[in-house]
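Presented below is the structure to which this report refers.
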Amino acid sequence: MAEKLKIIPLGGLNEIGKNMTAYEYGGEIIVVDCGMAFPGDDMYGIDCVIPDVSYLIKNKSRIRGLFITHGHEDHIGAIPYVLKQINMPIYCTRFTAGLIKLKLEEHQLVKSTKLITVEAGKSVRAGKFTVEFIHVNHSIADSVAFAIHTKMGTIVHTGDFKIDSTPIDGEVIDLARLGELGKEGVLCLCADSTNVERPGYTMSERKVGESFVKLFNKAEGKRIIIATFASNVHRVQQIINNAVTHGRKVAVSGRSMVNVISKGIELGYLKVPDGVLVDIDTISRYAPEKMVIVTTGSQGEPMSALTRMSANEHRNVTITPMDFIIISANPIPGNEKYVTKVVNDLMRLGAEVIYESMYEVHVSGHACQEEQKLLLSITKPKFFIPVHGEYKHLMKHRDTALSVGIPESNIIIADIGNVIETDGVDMKITGQVPAGKVLVDGLGVGDVGAIVLRDRKHLAQDGLIIAVATIDRASGDILAGPDVVSRGFVYVRESEELMTEAQKLLTETLQDC
């Protein structure tokens with residue numbers, strides 16, 4: 001029996017978020033990424049969605065490590081929940097490790113977890129796998145792709161990437177190494193499909209910096225508030241540079257933003273001159289036109305700092321016509337209406353609001369078609385599996401691969417839970433392992449399932465009615481009631497007649513019994 005290499009995606013295919021893939025060879029397993037997804041509108045009360053890892057739990061004695069490409073929630077968000085069930089060493093770059101550590105602290109897992117940092121360019125031996133870290137550009141510092149080397153061949157797993165020839169930290173994607181791998185021979189490429197519908201190239205992060213220069217000049221005499229993704233330290237760096245040029249102080253609002261920025265400064269990814277950062281609680285001491293506030297909430301999240309500002313509920317910030325607000329992010333699909341509401345509310349308070357479509361205040365962290373073609377051309381993979389995206393993204397990515405000459409029979413459009421096997425000659429889907437969504441609700445992981453969600457949906461759509469009566473067991477007489485209690489059904493005060501009739505009907509029915 002020839003040895004087989006198995007690729008098992010457990011999340012991130014036919015969906016956005018909860019990226020996770022298991023690689024299996026010679027009886028050993030490594031896992032790449034461990035992300036969460038945001039709950040859909042129909043998931044009442046759910047905080048986040050994580051992958052179903054029952055297959056990994058069943059095989060935990062064979063797992064040699066968890067490898068993380070970068071520190072975004074859709075790649076690290078499920079780590080604390082999964083670690084409570086499977087303790088495995090985690091390998092990642094320094095900044096990613098800093099972000100993961102924040103999560104481990106929150107869940108009291110620091111002592112029990114082995115967190116190993118690896119620099120881009122280095123390799124790690126994990127059982128029968130050797131995992132090489134390759135630097136890529138993305139909208140967060142310290143992102144890597146992996147070249148997973150086995151006796152069967154090499155798999156390149158890109159993680160999220162784009163090709164930025166003028167990145168803020170000067171660290172260009174390591175195309176040279178990816179090209180060398182292509183010459184040595186790549187058995188399979190698993191590449192990020194998020195932005196594959198867009199033609200051309202993704203703009204450089206520097207574009208945003210250029211827009212900030214113009215906007216800072218335009219906002220002369222006003223207070224500047226910028227909402228962006230907390231994890232994008234390169235963008236935060238550009239905001240700080242512009243603030244310094246204009247002699248402004250910078251305050252930070254929103255828990256994730258405070259955490260990430262302090263980690264970024266501590267690990268040296270953010271350079272902030274002394275005296276520039278001030279505490280959000282002290283901003284009243286400074287002239288508003290000398291302030292920049294960096295905040296979370298670019299996605300219109302209900303509890304975020306920017307949303308609280310727009311509803312006039314923020315402790316330290318009251319929006320006035322003297323505010324110049326920049327939303328430096330694109331709405332994640334599904335969040336458009338939340339973002340629109342926040343923009344409307346801020347404008348009602350008199351502020352000037354700049355959002356993505358008006359100026360180039362956001363660029364994506366994901367590769368467009370031409371970059372995808374370049375990657376395919378230099379890695380020259382024998383087989384290709386598009387990952388990270390909905391079905392339409394995977395299909396579009398297939399077309400891109402066909403256009404650079406990869407034969408259709410060598411492109412695999414998979415789904416989560418598929419077992420994709422290769423013997424080095426052929427590659428096909430040969431089986432299925434359990435995969436899907438596990439819902440996290442407060443402290444409960446997986447205790448809310450389809451039935452509870454269905455009940456929550458019914459309650460949300462139809463309300464409920466409860467009839468209460470006390471009946472003498474011996475004689476069968478009604479001693480008290482019946483009372484009809486309703487929530488979310490009709491407005492009781494205006495429907496007294498209906499309720500009285502219902503009570504009458506109940507009494508009669510009970511007496512007939």
Side-chain angles (χ1 to χ4, degrees), residues 8-23 29-40 42-92 96-116 140 159-160 230-231 255-256 259-260 263 299 301 303 332 387-388 416-417 433-453 456:
I8 307 171
L10 293 172
L13 268 74
N14 293 304
E15 60 187 358
I16 299 285
K18 74 180 179 66
N19 298 300
M20 185 180 217
T21 312
Y23 289 92
I29 298 173
I30 59 166
V31 182
V32 173
D33 288 334
C34 185
M36 57 153 245
F38 293 112
D42 52 348
M43 296 185 185
Y44 297 97
I46 300 301
D47 300 322
C48 71
V49 183
I50 62 173
D52 176 345
V53 290
S54 39
Y55 178 74
L56 296 179
I57 294 170
K58 203 170 98 191
N59 294 287
K60 60 179 168 191
S61 60
R62 304 199 284 134
I63 297 176
R64 299 293 170 258
L66 171 59
F67 291 80
I68 303 293
T69 55
H70 65 282
H72 276 149
E73 285 299 325
D74 57 337
H75 293 257
I76 66 170
I79 288 177
Y81 305 107
V82 171
L83 279 184
K84 286 172 189 168
Q85 304 170 77
I86 312 163
N87 194 355
M88 45 188 168
I90 302 175
Y91 300 91
C92 57
T96 309
L99 298 180
I100 292 173
K101 203 162 171 206
L102 290 171
K103 289 192 175 303
L104 299 179
E105 281 161 5
E106 209 174 301
H107 288 260
Q108 279 102 43
L109 290 167
V110 177
K111 283 196 176 69
S112 60
T113 307
K114 218 166 136 189
L115 189 58
I116 301 129
I140 184 170
D160 289 356
S231 57
R255 191 176 71 126
S256 57
N259 286 344
V260 173
K263 255 305 167 230
Q299 294 301 311
E301 306 93 324
M303 298 306 289
I332 293 169
V387 293
H388 302 352
I416 56 173
V433 303
K437 299 178 167 73
V438 173
L439 307 179
V440 178
D441 183 349
L443 296 171
V445 177
D447 47 8
V448 172
I451 293 163
V452 175
L453 266 192
R456 286 183 183 181

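The model shown is predicted, which means the values in this text are computed figures rather than measured ones. Hydrogens, waters and symmetry mates are skipped; everything else that's a heavy atom, side chains included, is used.
With values rounded to the nearest 0.5 angstrom, D160 atom CG is found 4.0 Å from H70 atom NE2. Remark: D74 CG to M36 CE distance equals 8.0 Å, nearest 0.5 Å. Atom OG of S112 and atom CG of L104 lie 8.0 Å apart (nearest 0.5 Å).
Between the N59 side chain and the I29 main chain, no donor and acceptor come within less than 3.5 Å of each other. With hydrogens and angles disregarded, a donor-acceptor distance shorter than 3.5 Å links the side chain of K60 to the backbone of Q85. Not one N or O on the side chain of K84 forms a donor-acceptor pair closer than 3.5 Å with the backbone of L109.
Classified by interplanar angle (parallel below 30°, tilted 30° to 60°, perpendicular above 60°), the ring pair Y91/F67 is parallel.
Dense packing is recorded around CZ of R62, with more than 12 heavy atoms of other residues, nucleotides or ligands lying under 6.0 Å away. Crowding of F38 atom CZ: a count of heavy atoms from other residues, nucleotides or ligands under 6.0 Å not exceeding 12.
Contact of the V387 side chain with the P9 side chain is not registered, since no non-hydrogen atoms from C-beta on lie closer than 4.5 Å. Side-chain atoms of I50 and M20, non-hydrogen and from C-beta on, never get closer than 4.5 Å to each other. Contact of the I416 side chain with the K18 side chain is registered, since non-hydrogen atoms from C-beta on lie closer than 4.5 Å. Contact of the V31 side chain with the L56 side chain is registered, since non-hydrogen atoms from C-beta on lie closer than 4.5 Å. Residues L10 and V433 meet the side-chain proximity criterion, which asks for heavy atoms closer than 4.5 Å.
Ion pairing between K263 and E105 fails under the 4.0 Å rule for side-chain N and carboxylate O.
With H72 as reference, I140 is the one residue of N19, D33, L99, I140 to meet the side-chain contact (heavy atoms from CB on, under 4.5 Å) rule.
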